Amino acid sequence: MTRVPRIRRQDYGVLTPPPLGGWDPALTVTVVIPAHDRQGTLDLTLAALSAQSYPAELMDVVVVDDGSTVPLRLPETVPDGTKLISSPPGGWGRAWALQAGLEAATGEVVLVLDADMVPHREHVEAQLRWHHLAPYVVTLGWIDFTVADHLPSPERVRAAVRDGEEDGLFPLSPHRHDWAEKIIDDHDGLRTAPSSLATRIHVGATAAYPAALLRSVGGLDTSLVLAEDTELGYRLTQAGAVFVPDPQARAWHLGLPTAMRDVAALKRYNDPYVADRVPYRRYLRTDPGRQWLVPYVDAVVRAGAYEDVRATVDGLLGGSLPDVRVTVEGPWASLGAGRRSPLGDPDLDLRLVHATFEHDARVRLADPEARPADQAAPPPAGPAARPADRVGPPPAGPARRPGGPERVVAPFRLTVPPGWVPRADTVERLVARLEEDDGGVLCLALAETEEGVLVARLERTSALSRAALVAEPGEPLDDVLDEVFGVEWLDGAEWGFARRPAVYPPRRRPVPEAERLAAQHRKEIARLRERADALRAELAQARRQAGKSERDAARWRQKAESWRREAVRLSRDRDRDRTVLTRAVRRMRDLASGR
């Protein structure tokens, strides 16, 4: 058995694609083309497909007519093995038509191509060569836009594609998918892009999927009429897919898409649908108190002692990250309604947990014993947990008609043993830590018991899925997780996990966080006011002292001036007296000399 290549995160650089035209393809591919009133451009798409370098015997085409006003027809120039089907009744739109095409596809790879695309000769081959290397790769073609007003004939297109002269078919428009190409360029061809970013570049106009992987996630969400490729890209990420954009898989896009013609209107329409289904778009989930179809974190708590379970669930729901759904797992079906002793019921704790959370919209009560056969149970969150016994999240079931895939998959899963309570910011900080390096698993050591280490785990869903895709039988899954995404151990206490209080629930109504903060702020304001009053008193005292000092200084200045004047007067008197004395001495000398 050939070992499945192990791609770490998005770094598909471990794969070496063969040169175009220098290898022997083996996989079959079905090209699915949804179309609505696109006969003119569809003819060109089919003409280009009829001249592909990929072996014709390995390729078939399914065109899905999505309720065209004038029913579509197959033109003369088509690939061998092309068939035209109509969308089934009950729905409409691109996703609805694609799902019909997926159900009719027989190829090992499904390549989706819009009916306004004209692929280059090596378009299919360039994408399919990656699928021969790993069974979980999703390839994306490279799109050139044209606004040509006059379209060539299908024969002209087929001849140009056959002869490798596709560049001359249309004038090149300056418009491009600049945002997607920037993400690709900034992250080394997407190899260094984090999971939450890589999924954004999934544009469905030209993309190829392993058929088994696409069906495992439930196909298209047929409840959507726009943004279906964005939503599908998210679910493929959770299934462990690696996105590979190939610049050599070139194709013309005839005309500009809606995203370029009226981006504001498209965004206004898409945002509510994307916000509900794609938790990665955090900027769309800023409304306080809202709940969403797909949560950001799916927390799991095993049923146990009533007080333990309630404390843990309360802590998870009361955190700073509101986008959390909690699943409490237990044998709920065993709770019969027959006569029993209410206080002596052997299932009393389980019954109290059920009564506490039965009607809470953010809490699910799930029975792990009632899982479908294809769904693996999570590992125990308690002592001596063995993650190696896990096989990761299961593939999603078939798509609903209408309404989309039945299974909701959050990007993160947190398992907490009952009785351990996270701090208000614990879950939010842990998710940020895992996102910082696009890590796979955080293991938080809570306590050491005789049975082993009690662990809480935050796991990235896409990492679990990837590990399940590449793990060999009997191989410890945590070893595989560490290889494909990374496993990190942390101290649970340092990250805010603590045992529940001895008395739980509290006998007195707990102070709401807002009231507690308000009281804390009032106390701080009172302290600052007291400090301000003391400073004002000090300032007044300083001003009084300064006034006294000014008065003393003025008094001393007056005294100094008085002393100066007295000194001047005395100096003058001294000078006068000295003059009189000098004259007297001179007179006496004159008398003595007989003058």
Side-chain angles (χ1 to χ4, degrees), residues 25-36 38 42 45-46 48-50 52 54-68 72 74 78-115 117 119 123-132 134-141 202-222 224 228-229 231-233 235-236 239 241 243-244 249 251 395-402 404-405:
L27 294 178
T28 57
V29 56
T30 297
V31 181
V32 177
I33 306 174
H36 173 75
R38 287 278 183 177
L42 173 65
T45 302
L46 293 172
L49 285 174
S50 69
Q52 289 294 300
Y54 200 75
E57 64 272 15
L58 297 177
M59 184 178 76
D60 68 306
V61 179
V62 175
V63 179
V64 186
D65 186 349
D66 178 30
S68 298
L72 297 176
L74 291 181
V78 298
D80 294 337
T82 298
K83 64 180 178 179
L84 173 65
I85 65 174
S86 298
S87 288
W92 62 276
R94 183 176 181 274
W96 187 266
L98 275 178
Q99 185 62 27
L102 173 61
E103 294 168 0
T106 59
E108 296 163 282
V109 177
V110 174
L111 193 153
V112 173
L113 197 64
D114 280 354
M117 302 286 292
H123 184 81
V124 175
E125 179 189 353
Q127 294 195 52
L128 264 291
R129 58 181 174 165
W130 294 96
H131 291 270
H132 285 71
Y136 53 93
V137 163
V138 173
T139 54
L140 305 168
H202 177 252
V203 178
T206 167
Y209 315 88
L213 181 67
L214 185 55
R215 292 189 174 102
S216 75
V217 302
L220 279 295
D221 185 342
T222 56
L224 295 173
E228 72 285 340
D229 50 355
E231 191 276 338
L232 177 60
R235 281 188 290 114
L236 287 168
F243 295 97
V244 179
R400 290 183 295 174
R401 284 196 176 274

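Every heavy atom of this structure was used, including side-chain atoms; hydrogens, water molecules and symmetry mates were not. Note that the structure is a prediction, hence the values are computed from the model and not measured.
- A salt bridge links R235 and E231; the closest N-O separation between the charged side-chain nitrogens and carboxylate oxygens is under 4.0 Å.
- Residues T30 and D60 bring a donor and an acceptor atom of their side chains to less than 3.5 Å of each other.
- A donor-acceptor pair under 3.5 Å is formed between the side chain of D65 and the backbone N or O of L72.
- Side chain of H123 to main chain of Q52: no donor-acceptor pair is present (N/O by atom type, distance under 3.5 Å, no hydrogens or angles).
- Residue pairs satisfying the salt bridge (Lys or Arg N to Asp or Glu O under 4.0 Å) criterion with at least one member in residues 83-99, sequence neighbours excluded, are listed as follows: R94-D114, R94-E228.
- The closest donor-acceptor contact from the side chain of H131 to the backbone of A208 lies under 3.5 Å.
- Here the side chain of T45 pairs a donor or acceptor atom with the backbone of M117 at under 3.5 angstrom.
- Within the 3.5 Å criterion, the main-chain N or O of L220 finds no donor-acceptor partner in the side chain of W96.
- For H132, there are no side-chain hydrogen bond (donor to acceptor under 3.5 Å, both in side chains) partners, not counting sequence neighbours.
- Looking at L214 and L232, their side chains come closer than 4.5 Å, going by heavy atoms from C-beta outward.
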Using the rule given for side chain to side chain contact (heavy atoms under 4.5 Å, CB included), can you reason through V217 versus L236, listing the C-alpha separation, both sets of side-chain angles and the distance that settles it, and then say yes or no?
CA-CA 7 Å; V217 302; L236 287 168; 4.2 Å; yes

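- Using a 4.5 Å heavy-atom threshold, the side chains of L128 and L111 count as touching.
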